[in-house]
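In the text below, chain A, chain B and the rest are named by the order of the sequence lines, each starting its count at 1.
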4 protein chains.
Amino acid sequence: MDVNDAKATKRAHGLETQRALLAAAGAVFSRMAYADARLKDIAEEAGISQGSLYFHFGNKDDVARAVLSVQQERMGQVLTTVQELAGSALDCILGLFEGLADLIATDELVQAGIRLSMQPATGLEVDSSAPYVEWVEVAASILRGGVADGSMAPDLDVRAAAELLNEIFVGAQVLSGLEDKWASLPRRVASARAGIRTVLTSSTRAA
Amino acid sequence: MDVNDAKATKRAHGLETQRALLAAAGAVFSRMAYADARLKDIAEEAGISQGSLYFHFGNKDDVARAVLSVQQERMGQVLTTVQELAGSALDCILGLFEGLADLIATDELVQAGIRLSMQPATGLEVDSSAPYVEWVEVAASILRGGVADGSMAPDLDVRAAAELLNEIFVGAQVLSGLEDKWASLPRRVASARAGIRTVLTSSTRAA
Amino acid sequence: MDVNDAKATKRAHGLETQRALLAAAGAVFSRMAYADARLKDIAEEAGISQGSLYFHFGNKDDVARAVLSVQQERMGQVLTTVQELAGSALDCILGLFEGLADLIATDELVQAGIRLSMQPATGLEVDSSAPYVEWVEVAASILRGGVADGSMAPDLDVRAAAELLNEIFVGAQVLSGLEDKWASLPRRVASARAGIRTVLTSSTRAA
Amino acid sequence: MDVNDAKATKRAHGLETQRALLAAAGAVFSRMAYADARLKDIAEEAGISQGSLYFHFGNKDDVARAVLSVQQERMGQVLTTVQELAGSALDCILGLFEGLADLIATDELVQAGIRLSMQPATGLEVDSSAPYVEWVEVAASILRGGVADGSMAPDLDVRAAAELLNEIFVGAQVLSGLEDKWASLPRRVASARAGIRTVLTSSTRAA
DNA sequence: TATGAATGAGACTTCATTCAT
DNA sequence: CATGAATGAAGTCTCATTCAT
């Protein structure tokens, strides 16, 4: 059992290191642009050597990709949770925005992912605009539900409204990121709530 | 007059080079992040040597600052023009968005300025979030006019609406930038038009 | 112990490299002015890459500072040794000059330090004239001993004599440095011996 | 006559510029090492363009050489003057030191020359130690006169004494240069006077 | 004569990445 | 797993020098 214990310990230790590394990457990438972020800083923040970093990740791009993947997972999680709890589609969309805002405001790793998503052509060959397209689809899908369940205007232009919501949320992210590192994002979203509801429920020529 | 002629010629030549340099900087900064942009590329694009670049601008930061300054000037120009032409405040704000969208979609230098504004703490110690604050003020001022001239809802929450408009526009900028280098921005703005009008004119609990 | 061994080995290797680097810096800085010295030459002379140099020293200034620090240590060592051995204060001061002359004539690092000390305001913000002031104090202190132990004239103007000695020694350094890279310094000091003794022992209006 | 006048004016203007340029070079080279001095600074200090500088001097080395040449001329002038006035050889040598000290303390161009002389292998292929050898010869020649006219010890070791004097003076130059840009040189020389006289007049085993 | 503009070589420095231990 | 050491490519910037006007 000695050997197995040692192995287990090592593996546990390795996982812990990896988590620390990811958190450190989040901290650094949330503070500055990808090109300005130094692997040295990440390693230091994680309390390990630069050499070690290359054991856990292949290179700088991989680190960023890992961050992006965690971000997407966590944001997706919010979507799942909200969809389970929400009543009407309108509540769902509003709850989604609120939930994401809270997540972003408190989770450095998610902040880092957002930052990274907004700097294309940086080397990480991922099509970073992809996630945004996805979110439009998500929103459109919910809006269609809203038209169906009567919580939104029956003649809502779903496509345009979904894009508008996306723009609002992305804009709020960017502005709160610049303003105070996303601390004000929940407030911004709350403040936009009334306007959003108006757009989604006003009939005739809405959105 | 020989001497003066010579001087004038030289100065003109210099200014021309500077313009080329600025355009080149616009092209490069609009394509990639500040930290990824290479002075070599800018110089090459302008058709001059790297050394020359330092004759006209002190360093990389100065180049970026010059780009930002031109961007702000051109965007301010749109504001002025629109304010002169517009009838109601509602027309004014919608015209402003349209005008800016067209400018951004076609002017590389302005695109570069936008990119630069969104990468804080990169070295150009300018508080790059400042312009966004300014635009909220501009919007708020126009909205107050709209409440007064009756083109908007009398009980409009001006502050919240101004922030929402700003978020919409910034979000549209970011998304169109990621999607197709701002080509789709005018379309996005046009598509948001109905929603914006709804928000600004719906009474009771608007925005 | 495997791990500790590995660490120790690495550290030893690093120290060795640093020593080589310092020696190379001595060789280069002793041959030319600070501003003319190329880090490339130092790295090459030490047999490592330029990049490596920055692993051990932060920048060019740091390298120079390290050289200066070693120089001062080695020269101070001579002072200590001589003070322990010397009989009279007169023997002490003459022995000090001889010892320093021999050190300077043979130690490239010390030569480099001397060169560096004589190029003020070059970037190494150390007040490089400080060491010279120090040496005047040292000399004055010994001379006071000489007045006390009777090996020098009782009415010696200690301050003036100390300054004169300093000037002689600095002058000899500079001239031998220009003449033949300090090879002739011991000869110069030996040749000055008689004059120095005269100045220090002649009564009435000496020094 | 118009043409000649114009020519004369131009020539005069040119000479004036050249003088300004030389003074500027003196100012700059007296402040920093040759390698640190920028032609741009010299041109600015002279109030002309860098391009103009190349009309008057071929290149950076030439500027330095011009400074050195003026320095040597002015220092030689002091020698001539002193030799005409002095009574005994002892007075002559002491007067020479005093005269040179005063010149150096007040003349930036001479200060610049001194600085330049002490940075060998800088590019100006002049053997900069040559002047110092010369001055030893001058001193030796005067000392021989002193032995002859009885103002110095009859058994003076002329060679050694001359070298010692040279070292004292060079040392004083260097130290005052480092201390306060040569302002204290006259004081240093005055303070060394008594010691020098002792060395030159003490019999038996002097110098 | 004089100058504004331009150039190119080369210096210092940074940083992702690799490797022996 | 981890690290200290090392590397090399590349980037920003400086500066002596040239040239057309």
**OP:** Mind calculating the distance between CZ (C/F57) and P (E/dC12) to the nearest angstrom?
**Re:** 15 Å
Subject >> Rounded interatomic separation in angstrom, taking CE from B/M32 and C1' from F/dG11 >> reply: 14 Å
Subject >> Rounded interatomic separation in angstrom, taking CD from A/Q50 and P from E/dT18 >> reply: 12 Å
Original post:
More 5' along DNA chain E: A/G58 or D/I48, using each one's nearest nucleotide?
Top reply: D/I48
Subject >> G-U wobble or Watson-Crick pairing nucleotide for E/dA2 (cut-off 3.5 Å, both distances) >> reply: F/dT21
Original post:
Can a side chain N or O of A/S52 be found less than 4.0 Å away from OP1 or OP2 on F/dC1?
Top reply: no
Subject >> Closest to the A/R38 side chain, choosing from E/dC15, E/dT17, E/dG4 >> reply: E/dC15
Original post:
Can a side chain N or O of D/T17 be found less than 4.0 Å away from OP1 or OP2 on E/dA2?
Top reply: yes
**OP:** Considering non-hydrogen atoms only, spot the tightest contact between C/V67 and C/G113 and give its length.
**Re:** CG1-N, 3.9 Å
Original post:
What is the minimum heavy-atom distance between C/L53 and C/I48, and which atoms define it?
Top reply: N-CD1, 3.9 Å
Original post:
From E/dT17, F/dC13, F/dC1, pick the nucleotide closest to the side chain of A/N59?
Top reply: E/dT17
Subject >> Nearest-nucleotide pick for A/K60, side chain only, options being E/dA2, E/dT17, F/dA5 >> reply: E/dT17
**OP:** Check A/A33 against A/Q119 and note the closest heavy-atom contact, atom names and distance.
**Re:** CB-NE2, 3.4 Å
Original post:
If you measure only the distance, is there a donor-acceptor pair under 3.5 Å linking the side chains of C/Y54 and C/D62?
Top reply: no
Subject >> Separation of atom CD1 in B/I42 from atom P in F/dC13, rounded to whole Å >> reply: 11 Å
Original post:
Nearest to the side chain of B/F55 - E/dA6, F/dT12, F/dG4?
Top reply: E/dA6
Original post:
Atom CG of D/L53 to atom P of F/dC19: distance rounded to whole Å?
Top reply: 17 Å
**OP:** Have a look at D/A37 and say if it touches a base, only the backbone sugar-phosphate, or nothing, with a 4.0 Å heavy-atom cut-off.
**Re:** sugar-phosphate
Original post:
Among F/dT12, E/dA16, E/dT13, which nucleotide sits nearest the side chain of C/L39?
Top reply: E/dT13
Subject >> side-chain contact (heavy atoms from CB on, under 4.5 Å) partner of D/V28, chosen from D/L39, D/D36, D/D41 >> reply: D/D41
Subject >> Nucleotide nearest B/Y54 (side chain, heavy atoms from C-beta), chosen from E/dA16, F/dT14, F/dT3 >> reply: F/dT14
**OP:** Could you check how far CD of B/E44 sits from P of E/dG8, rounded to whole Å?
**Re:** 12 Å
**OP:** Could you point out which residue of D/R31, D/R38, D/K40 forms a salt bridge (Lys or Arg N to Asp or Glu O under 4.0 Å) with D/E45?
**Re:** D/R31
Subject >> Nearest-nucleotide 5' precedence on DNA chain E, C/K40 against B/H56 >> reply: B/H56
**OP:** Report the residue (A/G47 or D/G51) whose heavy-atom-nearest nucleotide on DNA chain F is the more 5′ of the two.
**Re:** A/G47
**OP:** Return the value, rounded to whole Å, for the distance between atom CG of B/D41 and atom P of F/dT12.
**Re:** 9 Å
**OP:** Any strand is fair game: report the nucleotide pairing with E/dT7 by Watson-Crick or G-U wobble, both distances under 3.5 Å, or none.
**Re:** F/dA16
Original post:
How long is the line joining OH of C/Y34 and P of E/dA11, in whole Å?
Top reply: 14 Å
